[in-house]
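Everything quoted here is computed from the prediction, not taken from an experiment. Residue numbers start from 1 in every chain, and the chains themselves are labelled A, B, ... in the order their sequence lines are given, proteins ahead of strands. Any value given below was found using the heavy atoms of this structure, including those in side chains, with hydrogens, waters and symmetry copies removed.
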4 protein chains.
Amino acid sequence: MLNRVILIGRLTKDPELRYTPSGHATSTFTLATDRPFSSGQGEREADFIPIVTWRQTAEACANYLRKGRLCAVEGRIQTRNYENNEGRRVYITEVVADNVRFLERGQTPQSSPERGQGDPFPDDGRPIDISDDDLPF
Amino acid sequence: MLNRVILIGRLTKDPELRYTPSGHATSTFTLATDRPFSSGQGEREADFIPIVTWRQTAEACANYLRKGRLCAVEGRIQTRNYENNEGRRVYITEVVADNVRFLERGQTPQSSPERGQGDPFPDDGRPIDISDDDLPF
Amino acid sequence: MLNRVILIGRLTKDPELRYTPSGHATSTFTLATDRPFSSGQGEREADFIPIVTWRQTAEACANYLRKGRLCAVEGRIQTRNYENNEGRRVYITEVVADNVRFLERGQTPQSSPERGQGDPFPDDGRPIDISDDDLPF
Amino acid sequence: MLNRVILIGRLTKDPELRYTPSGHATSTFTLATDRPFSSGQGEREADFIPIVTWRQTAEACANYLRKGRLCAVEGRIQTRNYENNEGRRVYITEVVADNVRFLERGQTPQSSPERGQGDPFPDDGRPIDISDDDLPF
DNA sequence: TTTT
DNA sequence: TTTT
């Protein structure tokens with residue numbers, strides 16, 4: 001069934017990269033997307049949308065994206081729930097990205113030099129456009 | 001900034017219609033959208049996405065949509081949070097719809113005869129396509 | 001780069017199925033999508049959008065879709081051009097579909113009984129959702 | 001009915017601004033969007049998509065967008081046709097944009113100094129996000 | 001008639 | 001817990 005999301009926004013933090021027990025990479029981050037007509041008067045100015053990526057996309061995001069960077073995300077909304085350690089059911093709504101496009105050249109920020117592997121733009125000046133199946137394996 | 005969602009799915013229940021203190025209509029419902037490739041073996045088969053509508057759209061949804069009905073929703077993802085009655089902050093991610101299209105002729109279900117006002121398809125057989133600004137007033 | 005189209009509309013004719021010299025199936029049809037706010041007074045009421053599909057999607061569309069049937073199409077805009085038989089360059093803009101969802105149960109119309117293979121809805125009543133890579137091989 | 005297009009690409013030329021007899025601004029340009037997986041071997045690398053904008057959006061595009069600039073466009077596909085001066089019917093498929101987002105700071109290029117009014121990014125560094133109804137009046 |  |  002149709003379930004399609006397209007976002008442009010900025011990362012609120014560096015992405016977090018993890019591996020599943022079976023060795024699959026997944027990275028998560030939050031995208032801040034400015035609201036179109038916020039008056040600025042006490043109103044919230046942005047939505048903060050949780051993004052999940054898998055596999056090559058996850059690794060590319062972890063390598064190239066950083067806090068504050070602008071990017072476009074294409075994916076679908078996923079809902080899931082789990083029981084937390086207080087026995088309470090927690091409901092999650094998030095976006096599983098199958099395509100992430102970096103919209104800014106990036107110099108790796110000082111805050112995470114160990115992970116960044118430089119600039120996602122190759123010598124010809126064209127940005128990388130990473131894509132991936134979003135099946136959960 | 002760009003924040004666009006398009007969904008096709010079925011209502012899990014009848015919509016809930018409310019009015020703000022200032023008299024604006026809002027209706028909420030959950031849309032079940034089948035996942036594209038679920039194996040069916042213990043996997044979840046659908047995502048359950050919370051939808052919010054306002055004004056005319058809210059009233060039209062309350063009048064014409066019912067549990068199980070198929071519709072298309074266009075909107076944006078909104079995040080907000082509030083403190084619940086235990087002093088705990090609750091984070092919400094939902095879709096604010098600015099356009100809802102009914103994809104099935106509907107006979108009002110018996111479960112809510114008082115509110116349904118019949119069939120959203122006028123005499124010429126073309127479905128109604130309701131639209132609305134999604135500004136929070 | 002981002003190039004995403006989502007449409008809901010009705011076929012203006014039965015799809016046309018063809019095979020490339022290398023044996024790949026492709027089907028084409030036109031989708032009529034009603035304009036949101038047409039006054040009806042001399043204005044055009046719909047856009048007529050040319051759709052191209054490939055492979056399994058092409059064959060499923062040829063088998064199950066018919067003139068007048070409602071469906072949702074997800075894809076990307078493609079432009080190409082060729083020289084016609086008068087030596088004039090013709091520019092084409094069309095939608096290459098990578099996902100087509102049938103939104104109506106369909107009894108095969110009498111006009112094309114040889115090709116239709118019945119109803120795209122299996123016994124459990126859930127519509128088929130066909131998907132395919134949209135790479136031109 | 002649902003008809004939604006989202007594109008990210010670069011202008012192939014400066015936009016063309018015109019006014020209708022009744023005084024409404026409209027601007028047109030072509031967006032080059034790179035294809036996701038072009039091998040580069042004789043294949044076309046991009047689609048060239050004709051964009052139409054109206055009113056404030058038209059004027060903002062004419063003022064701030066220039067050849068080569070990156071932007072995001074949200075809109076719908078429109079088809080129309082007319083008879084050309086040789087009595088031949090010409091069919092047009094184009095995107096009517098209702099939202100254009102500039103994705104790069106722009107110094108006005110030398111090629112059109114008279115029209116450019118500088119930088120679409122105000123002092124606070126946030127890009128302008130222009131929006132408009134896309135009704136043809 | 002095409003952009004980086 | 002939030003980005004420019």
Side-chain angles (χ1 to χ4, degrees), chain A residues 7-16 28-35 38 40 44-51 65-73 101-106 109 111 119-129, chain B residues 1-3 78-81 83 88-93, chain C residues 1-3 78-81 83 88-93, chain D residues 7-16 28-35 38 40 44-51 65-73 101-106 109 111 119-129:
Chain A
L7 304 168
I8 295 181
R10 293 183 186 279
L11 297 234
T12 63
K13 286 190 190 164
D14 291 2
E16 291 186 25
T28 53
F29 53 90
T30 296
L31 209 65
T33 65
D34 297 334
R35 292 186 174 170
S38 73
R44 198 158 195 191
E45 308 224 328
D47 294 287
F48 298 96
I49 301 169
I51 311 288
L65 284 178
R66 286 292 173 277
K67 177 179 177 174
R69 215 62 65 74
L70 188 72
C71 70
V73 165
R101 181 179 167 79
F102 309 140
L103 295 172
E104 286 183 335
R105 301 193 73 99
S111 58
D119 191 323
F121 294 70
D123 286 351
D124 65 0
R126 290 178 55 184
I128 292 174
D129 188 14
Chain B
M1 239 147 169
L2 195 57
N3 177 341
Q78 173 175 87
T79 59
R80 56 191 175 84
N81 61 76
E83 202 155 314
R88 188 191 292 272
R89 192 140 293 270
V90 180
Y91 292 88
I92 304 283
T93 302
Chain C
M1 239 149 169
L2 195 57
N3 178 343
Q78 172 176 86
T79 58
R80 56 188 175 86
N81 62 76
E83 202 157 312
R88 189 191 292 272
R89 194 140 288 272
V90 180
Y91 292 88
I92 304 283
T93 301
Chain D
L7 304 167
I8 295 181
R10 294 184 185 278
L11 297 233
T12 63
K13 287 190 191 165
D14 291 2
E16 291 187 26
T28 54
F29 52 90
T30 297
L31 211 64
T33 65
D34 296 333
R35 291 184 175 172
S38 74
R44 197 162 196 187
E45 308 223 327
D47 293 288
F48 298 96
I49 301 170
I51 312 289
L65 285 178
R66 286 292 172 277
K67 177 180 177 173
R69 216 62 66 72
L70 188 72
C71 70
V73 164
R101 181 176 167 81
F102 309 138
L103 294 172
E104 287 184 334
R105 301 195 72 99
S111 59
D119 191 324
F121 293 69
D123 288 349
D124 65 1
R126 291 178 54 186
I128 292 173
D129 189 14

Partners meeting side-chain hydrogen bond (donor to acceptor under 3.5 Å, both in side chains) with B:Arg88 (sequence neighbours left out): A:Glu86
Rounded to whole angstroms, how far apart are [atom1] on [X] and [atom2] on [N]?
{"X": "A:Leu31", "N": "F:dT3", "atom1": "CG", "atom2": "P", "answer": "13 Å"}
{"X": "C:Glu83", "N": "E:dT1", "atom1": "CD", "atom2": "P", "answer": "9 Å"}
{"X": "D:Lys13", "N": "E:dT4", "atom1": "NZ", "atom2": "P", "answer": "14 Å"}
{"X": "A:Ile49", "N": "F:dT3", "atom1": "CD1", "atom2": "C1'", "answer": "12 Å"}
{"X": "A:Glu45", "N": "F:dT4", "atom1": "CD", "atom2": "C1'", "answer": "10 Å"}
{"X": "A:Leu103", "N": "F:dT4", "atom1": "CG", "atom2": "C1'", "answer": "14 Å"}
{"X": "D:Leu11", "N": "E:dT3", "atom1": "CG", "atom2": "C1'", "answer": "8 Å"}
{"X": "D:Arg66", "N": "E:dT4", "atom1": "CZ", "atom2": "C1'", "answer": "18 Å"}

To the side chain of [X], which of [options] is closest?
{"X": "B:Tyr91", "options": "F:dT4, E:dT2, F:dT1", "answer": "F:dT1"}
{"X": "A:Phe48", "options": "F:dT3, E:dT2, E:dT1", "answer": "F:dT3"}
{"X": "D:Ala32", "options": "F:dT4, F:dT2, E:dT3", "answer": "E:dT3"}

Under 4.0 Å between any heavy atoms, over every strand shown, what does D:Gly9 touch: base, sugar-phosphate, or nothing? Just pick one. nothing
Side chain to side chain contact (heavy atoms under 4.5 Å, CB included) partners for C:Thr79, two or more places apart: C:Thr93, D:Arg44, D:Asp47, D:Phe48, D:Ile49
Is there a side-chain contact (heavy atoms from CB on, under 4.5 Å) between C:Leu2 and D:Thr33? Walk through the geometry before answering. CA-CA 7 Å; C:Leu2 195 57; D:Thr33 65; over 6 Å; no
If you measure from CG on A:Asp14 to CZ on A:Arg69, what distance do you get to the nearest 0.5 Å? 8.5 Å
